[in-house]
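Chain identifiers are assigned alphabetically (A, B, ...) following the order of the sequence lines, protein sequences preceding nucleic acid strands; residue numbering begins at 1 within each chain.
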Amino acid sequence: MRDVLADLEWRGLVAQTTDREALAKDLASGPLTLYCGFDPTADSLHLGSLVPLFALRRFQLGGHRPIALAGGATGFIGDPTGRSTDRVMTDAETLAVRVGKLSDQMRRFLDVGDGPTDAILADNLDWTRELSVLSFLRDIGRHFPVNQMLARESVSARLESGGLSFTEFAYQLLQSMDYVELYRRHGCRLQVGGNDQWGNITAGLDLLRRVEQGSAHALTFPLVTDSSGSKIGKSTGGGNVWLDPDMTTPYALYQFLLNVDDRDAGTHLRLLTFVGQEEVEALDEATVQRPQERAAQRRLACELVALVHGPQEVGRVQAASAALFGGGDLAELDERTLAAALAEAPSVAVPGDVPPYVELLSSALGLSRSEARRAVKEGSAYLNGAKVTDDAAVPVESDWLHGRFLVLRRGKRSVAVAERPRP
RNA sequence: GGCGGGUUGCCCGAGUGGUCAAAGGGAGCAGACUGUAAAUCUGCCGGCUCAGCCUACGAAGGUUCGAACCCUUCACCCGCCA
């Protein structure tokens, strides 16, 4: 197996490390236990969360033991890093549900078990739930000089932009405690995370040294932004691209990746896939030589759909893309192909009476009626590939493809389907 | 506790009694051009039963023919003083 550290460096995944040589030595001398924390801020992981998660997997493939730590406790408090105001607090039940969902998702990418390189899924609520305030203050708090805490970037930034509550101020203590706890329980000696976590991670190292005289490592990933400056995995719609198929369909994931800017395709391949160096570099070259083929984007999109939703989804998603973007006449498609293609698109069921076009478009694509009407006015609304000019028009019998489907489209990319029971 | 400043649409931010659904920028959407790309240009960008109406400028009241703009109270934030 190739040297993990060298692979990470080639992929551009290493922003900062503590003593690199010592880390390399530890990695070379046998399975090292490492961890990365994931706070439950939503019901699903998103594309950006795959960077650290896949990094854990890379370590695992390299013969090490990863711990994916769900932040049941830290998520309860809210990390002030990179935020300008206090987080809205989430209640405990919601968090518990989220932790469960995130764990399920993480299980798909890591081999979890009891073996020496099997991953562990942990939740920091396990060692904080019963912790008393007094022991926290005595055993943990006394090791944290306030002057150092204040100096941390995440805190000082907040002090300048309006302050932060004690709750958030204490976040770094909780995270530090996690490191110590995982060191004690599992011999964890490396914490990885986004570069914005550097302060929190090194705080953990300090605590570890003080309470356990332990020596351990830190490694952070660069905070990757795409060429337009936004975080990786943010959809053009401004929102996140989620892994949960109910939140972002496999088709939408595929389309999002297929549309990645040429300049970002190589970076995405490195960070979000396990495609090897030789092939990635060949794809980089292909992008330069024949950009219109989008070989890198295609590979990226297929890879991730397979990783996230399973290999069987790839074909379906590709068929859907071909049908919906092929430029061919939708009416020409046979029922089975059409149904398969449309299965990936958002759909709306039409019961009895057929409502007018705006109504269908807005409900299927989640637009307000004003937006749907505007789309028609702007000439960007289509029914079965033909431009719609009258927003009040009601689809007629012959519009129903195979008697069942109406293909609704707004602009080039948003496709939805209205479906009614087979006649 | 005292004094002063602030709270505007997804974000930033102008507006300080009618011409305000609110300048400008960013983000986003669409059209043209392309490669389902980028850049560029153009249009859109609160909702609706859409030539009109409704809801909105921290919250609630008030003054006024008329309030984002004036007054009162409340909440939160910032600064200075104690």
Side-chain angles (χ1 to χ4, degrees), chain A residues 80 82-89 156-168 225-241 249 251-269 283-284 286-302 305 317-328 330 341 344-345 355-359 361-382 385 387-392 394 407-416:
Chain A
R83 295 191 59 94
S84 52
T85 54
D86 265 27
R87 273 174 199 278
V88 177
M89 297 274 190
S156 62
R158 280 289 290 277
L159 287 177
E160 277 168 36
S161 71
L164 76 173
S165 64
F166 178 76
T167 308
E168 293 205 2
T225 52
D226 63 26
S227 47
S228 62
S230 50
K231 268 188 173 173
I232 201 167
K234 290 282 185 185
S235 80
T236 49
N240 274 313
V241 176
T249 62
Y251 172 78
L253 174 67
Y254 182 82
Q255 284 293 322
F256 172 78
L257 292 165
L258 196 65
N259 280 307
V260 163
D261 192 305
D262 290 355
R263 293 169 293 179
D264 300 321
T267 324
H268 282 61
L269 275 170
L283 288 166
D284 282 346
T287 299
V288 174
Q289 298 302 324
R290 300 173 302 281
Q292 69 283 4
E293 287 178 11
R294 287 183 293 168
Q297 284 93 332
R298 281 176 207 285
R299 187 65 211 275
L300 176 69
C302 291
V305 169
V317 161
Q318 283 178 317
S321 299
L324 300 173
F325 280 103
L330 289 166
E344 299 292 342
Y357 185 77
V358 244
E359 190 66 32
L361 190 66
S362 67
S363 55
L365 282 172
L367 306 172
S368 70
R369 288 199 189 102
S370 296
E371 286 175 311
R373 208 173 320 222
R374 215 177 285 134
V376 172
K377 209 186 320 179
E378 289 175 334
S380 63
Y382 298 83
K387 190 174 284 188
V388 173
T389 50
D390 177 9
D391 58 23
V394 176
V407 179
L408 311 163
R409 183 154 67 86
R410 189 215 181 175
K412 286 185 186 125
R413 295 178 214 148
S414 316
V415 182

Donor-acceptor under 3.5 Å (A:S362 side chain, A:S368 main chain): no
Candidate nucleotides B:A38, B:U36, B:A30, ranked by approach to the side chain of A:R263 - the nearest: B:A38
A:S370 side-chain proximity, nearest of B:G35, B:C50, B:C33: B:C50
N or O in side chain of A:R374 less than 4.0 angstrom from B:G47 OP1/OP2: yes
Side-chain N,O (A:S368) to OP1/OP2 (B:G47) below 4.0 Å: yes
A:E359 CD - B:U49 P separation (whole Å): 8 Å
Whole-Å distance separating the CD atom of A:E371 from the P atom of B:C45: 10 Å
Side-chain N or O of A:R373 closer than 4.0 Å to phosphate OP1/OP2 of B:C50: yes
Nearest-angstrom distance from the residue atom CG of A:L257 to P of B:A37: 15 Å
Any donor-acceptor N or O pair under 3.5 Å, side chains A:S321, A:Q255: yes
Distance in angstrom units between A:D264 CG and B:A37 C1', rounded: 11 Å
Selection from B:U34, B:A37, B:C29 that lies nearest to any side-chain heavy atom of A:D261: B:A37
Atom-pair distance (CD on A:Q289; C1' on B:G35), nearest Å: 16 Å
Sugar-phosphate, base or nothing in reach of A:E293, heavy atoms under 4.0 Å: nothing
Test item: A:E359 side-chain N/O and A:P356 main-chain N/O as donor-acceptor pair under 3.5 Å: no
Check: A:R374 side chain, A:V376 main-chain N or O, donor-acceptor pair, under 3.5 Å: no
Length of the line joining A:R294:CZ and B:A38:P, which is rounded to integer Å: 10 Å
Side chain of A:E378 (C-beta onward), nearest among B:G43, B:U49, B:A38: B:G43
Atom P, compared across B:U64 and B:C71: separation rounded to whole Å: 15 Å
Whole angstrom value for the distance that separates C1' of B:C50 from CZ of A:R369: 13 Å
Side chains of A:Y357 and A:L408 in contact at under 4.5 Å (non-hydrogen atoms): yes
B:C29 OP1/OP2 closer than 4.0 Å to side-chain N/O of A:R413: no
d(CZ, A:R290; C1', B:A37) in whole Å: 16 Å
Shortest side-chain distance from A:R410, nucleotide among B:C29, B:G35, B:U36: B:C29
